[in-house]
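Comments concern the structure below.
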Amino acid sequence: MRRHLPLAILMAAALPAQAGLFDDSEARNQIINMRNDYNARFDKLEASARSQIELANQIEQLKAEIAKLRGQIEVLTYEADATQKRQKDFYVDLDNRLRRIEAPPSAAADAPADGSAPRAAAAPADPAAEARDYEAALNLFKAAKYRDAVAGFEAFIKGHPSSSFLPSANFWAGNAALQLKEVVSATHYFKQVATSWPEDPRAPDALLGLATCQQSMGDEKAMRKTLDTIVQKYPGSTAAKTAKQRLGKG
């Protein structure tokens with residue numbers, strides 16, 4: 001019986017050492033598991049951050065595309081309205097011209113004072129020339145040929161000083177000049193619309209373009225004054241809503 005005592009004592013002494021080894025191994029496994037879990041979470045966070053950045057970039061691209069589409073819709077809407085109005089004006093003008101041509105001229109009115117033979121009547125002007133010139137300039141703008149568009153609208157303004165399309169011609173000339181970063185020229189055209197044709201549907205949009213020019217020139221005070229004018233003078237317009245947003249009121 002006493003022979004087995006030393007062996008029992010040795011076995012009892014070895015138990016704490018084995019427990020220590022077991023505890024160290026378990027701790028190491030826990031550390032490894034924690035490290036793996038941390039790396040997995042970090043990878044997930046990094047992937048999530050990349051996804052958010054990509055989503056933000058996609059949102060910005062969509063915003064830019066929407067803004068571009070809105071501009072195209074605005075141009076197309078205006079073109080449709082202008083075409084309808086132009087057709088009505090042409091029919092009235094053509095009817096008036098035909099009436100004048102068909103009316104029998106009096107001999108006394110046509111006969112020169114010196115008794116010579118009556119002069120031939122002057123050929124009537126082309127009623128579609130005004131439309132062709134305006135459409136040509138507008139097509140240049142839609143094709144993003146802004147410098148040519150400015151020249152086309154300027155030629156139209158000089159060639160048709162009494163045209164009903166002058167407000168629109170000045171408006172689009174201002175937008176074309178703004179695309180070319182020619183702020184001074186754009187300011188001139190926008191002001192022309194706002195001051196000469198304040199009741200025209202393009203007047204509030206022209207003032208909005210003027211505010212953009214003033215902002216580009218660093219004249220914050222003038223810009224805010226112009227935006228306030230839009231809100232006060234054209235409260236129901238789309239330009240007024242945009243002006244409120246830019247003023248921080250919307």
Side-chain angles (χ1 to χ4, degrees), residues 1-78 141-146 174-183 186 204-205 207-232 234-250:
M1 185 73 177
R2 290 182 178 179
R3 270 182 213 173
H4 297 289
L5 286 175
L7 180 60
I9 292 170
L10 290 173
M11 292 178 63
L15 286 174
Q18 291 177 355
L21 290 172
F22 178 79
D23 291 343
D24 290 344
S25 176
E26 184 177 1
R28 282 195 295 271
N29 289 335
Q30 289 179 354
I31 291 172
I32 293 172
N33 291 335
M34 289 175 63
R35 183 182 300 156
N36 292 337
D37 184 60
Y38 171 79
N39 290 335
R41 292 185 181 183
F42 181 80
D43 291 341
K44 287 182 180 179
L45 288 174
E46 190 176 27
S48 177
R50 285 197 300 268
S51 299
Q52 290 179 359
I53 292 173
E54 291 176 358
L55 180 60
N57 291 335
Q58 291 176 359
I59 290 173
E60 290 300 321
Q61 291 176 357
L62 287 173
K63 286 182 179 179
E65 291 177 2
I66 290 171
K68 182 178 179 181
L69 288 173
R70 283 177 178 171
Q72 293 175 349
I73 290 171
E74 183 181 1
V75 171
L76 291 173
T77 301
Y78 173 77
F141 179 86
K142 290 189 290 185
K145 298 179 180 179
Y146 300 119
N175 278 282
L178 194 58
Q179 292 292 333
L180 295 170
K181 308 300 182 184
E182 296 176 356
V183 182
D205 293 321
L207 284 173
L208 200 59
L210 176 60
T212 300
C213 293
Q214 291 165 339
Q215 184 179 28
S216 299
M217 291 186 289
D219 195 344
E220 189 76 14
K221 184 177 179 180
M223 179 201 74
R224 296 188 68 85
K225 183 178 179 181
T226 301
L227 293 175
D228 279 327
T229 300
I230 298 172
V231 175
Q232 297 298 325
Y234 308 99
S237 65
T238 304
K241 295 179 181 179
T242 304
K244 286 181 180 179
Q245 292 175 352
R246 292 175 63 174
L247 287 168
K249 297 179 180 180

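Just so you know, residue 1 is the first one in the sequence shown, and it goes up from there. All of these numbers come straight from a predicted model, not from anything done at the bench.
- Applying the side-chain contact (heavy atoms from CB on, under 4.5 Å) rule to Ala239 yields the partners Pro204, Asp205, Leu208, Ile230, Ser237; only residues at least two apart in sequence or on another chain are considered.
- With sequence neighbours left out, Tyr146 forms a ring pair (Phe, Tyr, Trp, His ring centres under 6.0 Å) with Phe141.
- Remark: Leu227 CG to Gln215 CD distance equals 8.5 Å, nearest 0.5 Å.
- Closest non-hydrogen pair, Met217 versus Val183, comes out as CG-CG1, 3.7 Å.
- A heavy-atom distance below 4.5 Å is found between the side chains of Asn29 and Ser25.
- In this structure Lys225 satisfies the side-chain contact (heavy atoms from CB on, under 4.5 Å) test with no other residue, sequence neighbours excluded.
- Residue pairs that meet the salt bridge (Lys or Arg N to Asp or Glu O under 4.0 Å) test with at least one member in residues 33-44, sequence neighbours left out, are Asp37-Arg41.
- Evaluation of the side chain to side chain donor-acceptor pair (under 3.5 Å) rule for Thr212 yields Arg246 as partners, not counting sequence neighbours.
- Partners of Asp228 according to the salt bridge (charged side-chain N to carboxylate O under 4.0 Å, His left out) rule, which considers only residues two or more places apart in sequence or in another chain, are Lys249.
- Smallest separation of non-hydrogen atoms from Pro235 and Ala240: O-CB, 3.7 Å.
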